[in-house]
Amino acid sequence: MTIAHTSSELSPELLNRLDAIELTDPLGFSKVMAPVMAVAYYRDGAWETPRLTGLEPMDLWPHTQALHYGQALFEGMKAYRNLGDAVPGASALLFRPFEHARRMNRTALRLGMPELPEQVYVETLERLVSAVDKLVPNRQGQSLYLRPTMFGATADLSVVPSTEFCFVVLATPSDAFFTAPISAWIERLFSRAGPGGTGNVKAAGNYAASFAAAAKLGEKGFHQLLWLDAATHTQLEEFTAMNVFVRRGDRLLTPPLSDTILAGITRDSLLRLGPTLGLDMREEPVAVDEVIDAVRSGEEVELFGCGTGAVVAPVELLGDDSGLRLPLPGREVASRLRQHMLDLQHGLIPGPEGWQWPVPKS
Ligand code: PLP
Ligand code: COI
């Protein structure tokens with residue numbers, strides 16, 4: 001099959017590699033990597049212009065700083081196929097890319113890394129998505145997942161920040177992370193983040209720090225950890241890779257942002273969309289025991305996660321080490337919010353300015 005890449009930045013060899021890919025369901029996550037990536041280095045105090053190149057192994061010295069001291073971050077974004085009329089002329093839509101650019105820069109500063117101009121970040125994603133447009137799936141809920149990454153590239157074992165950095169953007173056609181309600185394991189021993197730490201930014205090390213606790217998910221057949229605050233282990237913080245919402249009757253609650261909770265862009269989107277759908281959204285602390293007691297007393301309760309990968313994921317079962325196995329039947333509002341987000345992300349309905357960033361096909 002040939003595709004029209006009239007103004008493509010890609011070499012004939014890369015175009016051939018791209019042409020050879022056929023998307024087949026299920027897409028999964030990270031099973032098919034786009035054969036093209038964007039890359040830029042920071043040297044002598046300045047970023048070079050990102051370029052599109054083939055996805056290849058990278059040459060790294062074993063003493064590259066990111067490998068030792070974790071000076072590494074990532075973002076998670078999606079390009080959705082434009083399936084509606086709300087954004088005429090676009091082939092794909094990036095969801096709130098400038099918000100992701102700003103968050104990446106907040107993470108970069110926290111980890112002693114240089115900011116990348118927001119405009120450069122968004123243009124780089126546009127160029128990449130435009131070049132690999134054929135890998136943006138056409139089905140609602142599927143997307144081209146984008147993984148911007150930055151790491152300290154200096155080869156030096158001194159415990160000081162790198163002076164050279166690498167910015168890479170990878171792309172992978174993906175299914176929504178969860179297509180059915182999930183189970184969540186209340187983590188009562190380990191903590192994801194502590195006050196003054198890096199929990200509120202997308203530091204790569206935050207995820208490494210969660211793996212030991214997450215190991216039990218597979219053993220127990222659960223999907224996500226539900227993290228509690230480090231000091232008291234009583235208050236909800238977030239899931240492994242999603243923010244948390246609880247519905248109690250008419251009220252939708254999510255813990256207020258702090259230095260231990262990632263400022264999710266999906267969370268922010270739901271907080272802003274909720275009132276337009278007649279929902280009473282509140283940023284308030286929520287104790288895990290309140291949720292359990294409310295479910296047990298027969299109150300109408302929903303618990304759900306939200307994030308780029310998952311969009312909105314209702315929780316149908318809560319478990320923990322004490323033997324708790326609590327079914328949560330409610331998912332009506334979560335399902336409604338999920339559909340609304342997907343309609344917006346696919347351009348089926350109009351959204352606020354900057355939320356549906358148009359990307360043409362090259
Ligand atoms: N919390 C954590 C720990 C995450 O990894 C993610 C995923 O990116 C989120 C929350 C949700 O953030 P966002 O909605 O910006 O994807
Ligand atoms: C995302 O939702 O984009 C994430 O970053 C999740 C990721 C840790 C797989």
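Sequential numbering from 1 along the given sequence is applied to the chain's residues. Please read all numbers here as calculations on a predicted model, not as lab measurements. One-based numbering, in listed order, for ligands and for the atoms of each.
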What side-chain donor-acceptor pairs closer than 3.5 Å can you find for residues 46-62, not counting sequence neighbours?
residue: Trp47; atom: NE1; partner: Glu115; partner atom: O; Å: 2.9
residue: Glu48; atom: OE2; partner: Tyr41; partner atom: N; Å: 3.0
residue: Glu56; atom: OE2; partner: Arg17; partner atom: NH1; Å: 3.1

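In terms of N/O distances under 3.5 Å, ligand 2 is not approached by Phe177.
At a heavy-atom distance under 4.0 Å, only side-chain atoms of Arg147, from C-beta outward, approach ligand 2. With a heavy-atom cut-off of 4.0 Å, Glu75 does not touch ligand 2 at all.
When each atom of ligand 2 is checked for a heavy atom of Phe74 under 4.0 Å away, the hits are 5 (O), 8 (C). Against a heavy-atom cut-off of under 4.0 Å, Tyr145 is close to the following atoms of ligand 2: 1 (C), 3 (O), 4 (C), 5 (O). Below 4.0 Å from some heavy atom of Lys202 lie the following atoms of ligand 2, by number and element: 4 (C), 5 (O).
Residue contacts with ligand 2 leave out Lys78, since none of its heavy atoms falls under 4.0 Å from the ligand.
Aromatic ring centroids of Phe74 and Tyr207 lie under 6.0 Å apart. Aromatic pair Phe190/Trp227: centroids not less than 6.0 angstrom apart. For Trp355 and Phe95, the gap between ring centers is short of 6.0 Å. Note: Phe167 and Tyr42 fail the aromatic proximity criterion, with ring centroids not under 6.0 Å apart.
The protein atom (non-hydrogen) at minimum distance from atom 2 (O) of ligand 2 is Gly309 N, 2.8 Å.
In this structure, Met341 CE and Arg338 CZ are separated by 10.5 Å, a value rounded to the nearest 0.5 Å.
Atom 8 (C) of ligand 2 has its nearest heavy-atom neighbour, among Phe239, Tyr207, Phe29, in Tyr207.
Of the candidates Arg267, Arg272, Arg251, Glu283 forms a salt bridge (charged side-chain N to carboxylate O under 4.0 Å, His left out) with just one, namely Arg267.
A side-chain N or O of Thr260 and one of Glu237 form a donor-acceptor pair less than 3.5 Å apart. In this structure, a donor-acceptor pair under 3.5 Å is absent between the side chains of Arg192 and Thr240.
Within 4.0 Å of ligand 1, protein heavy atoms come from Arg103, Arg192, Lys202, Tyr207, Glu238, Thr240, Ala241, Met242, Asn243, Leu262, Gly264, Ile265, Thr266, Cys306, Gly307, Thr308.
For CG of Asp289, the number of neighbouring non-hydrogen atoms (other residues, nucleotides, ligands) closer than 6.0 Å is greater than 12.
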